[in-house]
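Below, chain A is the first sequence line, B the second, and so on; all start at residue 1. What you see below is based on every heavy atom in this structure, not just the backbone, and it leaves out hydrogens, waters and symmetry mates.
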Amino acid sequence: MFSCEDVLAELSDYLDNELTESLRKQVEEHMVHCRTCRAVYDSTRKTLRIVTESGSFELSEDVSSRVASSIRAKIRARRANTEDTSGS
Amino acid sequence: MSYIRGASADENEFPTLLAIKAAFGFIPNFFRAQTLRPDLIDAEAGLVSAILVKEGALTRRQKEYIFLACSADNLSTYCVTAHCEIVRMLGIEGPEPEQIALDHTVSNIPASDKALLDVAIKLNNHPREVGPADIDILRTHGFGDQHILEMVIMVGLTKFSNFVAFGLGTVPDFDPSKVVHGLGLGPVPTKFENKLNPPSDSLPLIKDEDADLVSRTRSGDLDAFDQLVRRHQQRIYRTLVAITRNPDEAEDGLQNVFLSAYQHLGNFQGNSRFLTWLTRIAINEGTGRLRTRRETETLGETSEDDVPFRPRDVTAWHANPEDLYSLSELRHKLEQALLKLPTKYRVPVMLRDLEQCTAEETAEVLEITVAALKSRLLRGRLMLREALAPMMGRRAANV
């Protein structure tokens, strides 16, 4: 029979659907009777949902375009510099 | 071509080698590397004949597919290259053999064959996890005991072949011009030209959606590189934020990463996906910045925490915590909580859960094992949950 520690150790893999069928069953059998593990599972699942859907640290379109233009300009400058050097 | 030199003895003295030459039109490196012990070549040829060639419950096609799919998962370039050619040589009907090697699940083969390959791959990759349920699935697809036995033995033969090829360092040598012409089967189909004999240090099995843009960039096409920048700057930015904990610094580092990638594109060998390689550059840029700041907390710690993290706040959360706050409030709270996680846990969580990298790719860019990654991920996720818990409990709804 799985303990709370056992469930906690497998929680990440359970959330990622990466447990074998037998481990998954043991986790679920434990959670049927353990309110604490159910709460931890449910809140961790919601945490991951928030992380996935939050769009945190999203690069704004402005910054994105500015950075892309700057990279392009720097590469062009380097190329021109190389061509000048090789031509001289 | 292999790590050890074969015997210079005349192959005409060894009937098995002669038979191999007759079959393929040449003696493949796999066998050439073993000519110091022709008796072992005899034994192996007998094994291959009994397990793969001889008619049994499984068809030759099914057995070749098992060999291809498992060899691909073992990253055996030699065996995949050789057997893609052998499948074509035998005129086995079905999808391109490369498709089976890359991903059989999206190929146009019967569902029963997919189930067979699923179990074979599971046995290949996680042998101790195979259980009666897997065998039952095969039975529901109509496979009997003899089919299952042959599948298991085929996986064993594949592992054996892959490991011998790795250990001897055999360079792929199956070339359609040798195989097809050797058998007098006519000209080489042009669509297969240049597909084989990849450089020995490359892994042609890696599917990279950036390959074309990378190739065009190498030819001097700046627009192609611009597309790579636009496609990947979000991932690189988040990687830099994850390491430096400073969005301004991350923005600054973003340019350096892409300029460095452009400058060193010649060093990119295609042994990983381009994005994986690029993310490694970002990690180096980020850790370099930490060193400049003389921060001691880095990704470099290799020891894992022995004591498991125990959740303290186990209050049930609001059914839909997203309803408690506006999206921008929620994002702000999450960003603050993420930035407070120790680097060792923050970076895996941000790459895996925010950027949705696979576990394997996250482990690869962090240069740790998948097991170590999972351990960090579990702790990081639980720590993040703990940090958010006071704001998400049912009580929070009444605040």
So, the part of Leu259(B) with a heavy atom under 4.5 Å from chain A: the answer is both

Residues Arg79(A) and Gly220(B): closest non-hydrogen pair is NH2-O, 2.8 Å

Test item: Thr47(A) and Asp353(B) side chains (from C-beta on) under 4.5 Å apart, heavy atoms: no

Greatest number of non-hydrogen atom pairs under 4.5 angstrom with chain A, of Ser328(B), Pro311(B), Pro247(B), falls to Pro311(B)

Against chain A, residues from residues 226-234 of chain B with at least one heavy atom under 4.5 Å, in numeric order, are Asp226(B), Val229(B), Arg230(B), Gln233(B), Gln234(B)

Please check this pair: side chain of Glu335(B) against backbone of Phe57(A), looking for a donor-acceptor N/O pair closer than 3.5 Å.
yes

The reported gap from CG in Leu327(B) to OG in Ser54(A) (rounded to nearest 0.5 angstrom) is 8.0 Å

salt_bridge(Arg352(B), Asp16(A)) N-O dist < 4.0 Å:
yes

**Q.** Residue pair Leu48(A), Arg385(B): steps toward the side-chain contact (heavy atoms from CB on, under 4.5 Å) verdict
**A.** CA-CA 9 Å; Leu48(A) 296 192; Arg385(B) 187 209 73 91; over 6 Å; no

When the 4.5 angstrom heavy-atom criterion is applied to Ser65(A) and chain B, the contacting part is both

Spell out, as yes or no, whether a donor-acceptor pair under 3.5 Å connects the side chain of Arg238(B) to the backbone of Ser56(A).
yes

Rounded to the nearest 0.5 angstrom, the CG-CH2 distance for Asp42(A) and Trp317(B) is 8.5 Å

| Distance-only polar pair, side chains of Gln255(B) and Ser70(A), donor-acceptor under 3.5 Å | yes

By residue number, those in residues 354-365 of chain B with heavy atoms under 4.5 Å from heavy atoms of chain A are Leu354(B), Gln356(B)

Lys/Arg N to Asp/Glu carboxylate O, Arg331(B) vs Glu58(A), below 4.0 Å: no

The interface call for Arg38(A) against chain B, heavy-atom contacts under 4.5 Å, is neither

Cut-off 4.5 Å, heavy atoms of chain A, and the answer for Phe309(B) is backbone

Sub-4.5 Å side-chain heavy-atom contact between Arg49(A) and Asn320(B)
yes

Worksheet item: Any side-chain heavy atom of Glu10(A) within less than 4.5 Å of one from Leu378(B)?
Response: no

* To do: Dump the intermediate steps for side-chain contact (heavy atoms from CB on, under 4.5 Å) on Phe258(B) and Val67(A), then the final yes or no.
  => CA-CA 10 Å; Phe258(B) 282 103; Val67(A) 170; 5.6 Å; no

CZ (Arg78(A)) and OH (Tyr262(B)) are apart, to the nearest 0.5 Å, by 9.5 Å

Taken to the nearest 0.5 Å, the spacing of Leu59(A) CG from Leu240(B) CG works out to 10.5 Å

- Message: Does any part of the side chain of Val314(B), heavy atoms only, come nearer than 4.5 Å to the side chain of Arg35(A), both counted from C-beta?
- Response: no

Exercise for the section: Before accepting this row, confirm whether a basic side-chain N of the pair Glu322(B)/Lys46(A) lies closer than 4.0 Å to the acidic partner's carboxylate O. Expected result: no

The test is side-chain contact (heavy atoms from CB on, under 4.5 Å); show your working for Val40(A) and Leu382(B) and say whether it passes.
CA-CA 9 Å; Val40(A) 172; Leu382(B) 289 173; 4.1 Å; yes

When the 4.5 angstrom heavy-atom criterion is applied to Leu222(B) and chain A, the contacting part is both

Looking only at Glu18(A), Glu53(A), Glu21(A), most heavy-atom pairs under 4.5 Å shared with chain B are made by Glu18(A)

Can you confirm whether the side chains of Arg381(B) and Thr44(A) place a donor and an acceptor under 3.5 Å from each other? no

Counting heavy-atom pairs under 4.5 angstrom with chain B, the leader among Ser43(A), Ser12(A), Ala39(A) is Ser43(A)

Any non-hydrogen side-chain atom of Leu8(A) less than 4.5 Å from a side-chain atom of Pro308(B)? no

If you tally heavy-atom pairs under 4.5 Å between each of Thr36(A), Leu11(A), Thr52(A) and chain B, the highest tally belongs to Thr52(A)

So, the part of Asp223(B) with a heavy atom under 4.5 Å from chain A: the answer is both

Bottom line for Ile236(B): the part with an atom under 4.5 Å from chain A's heavy atoms is neither

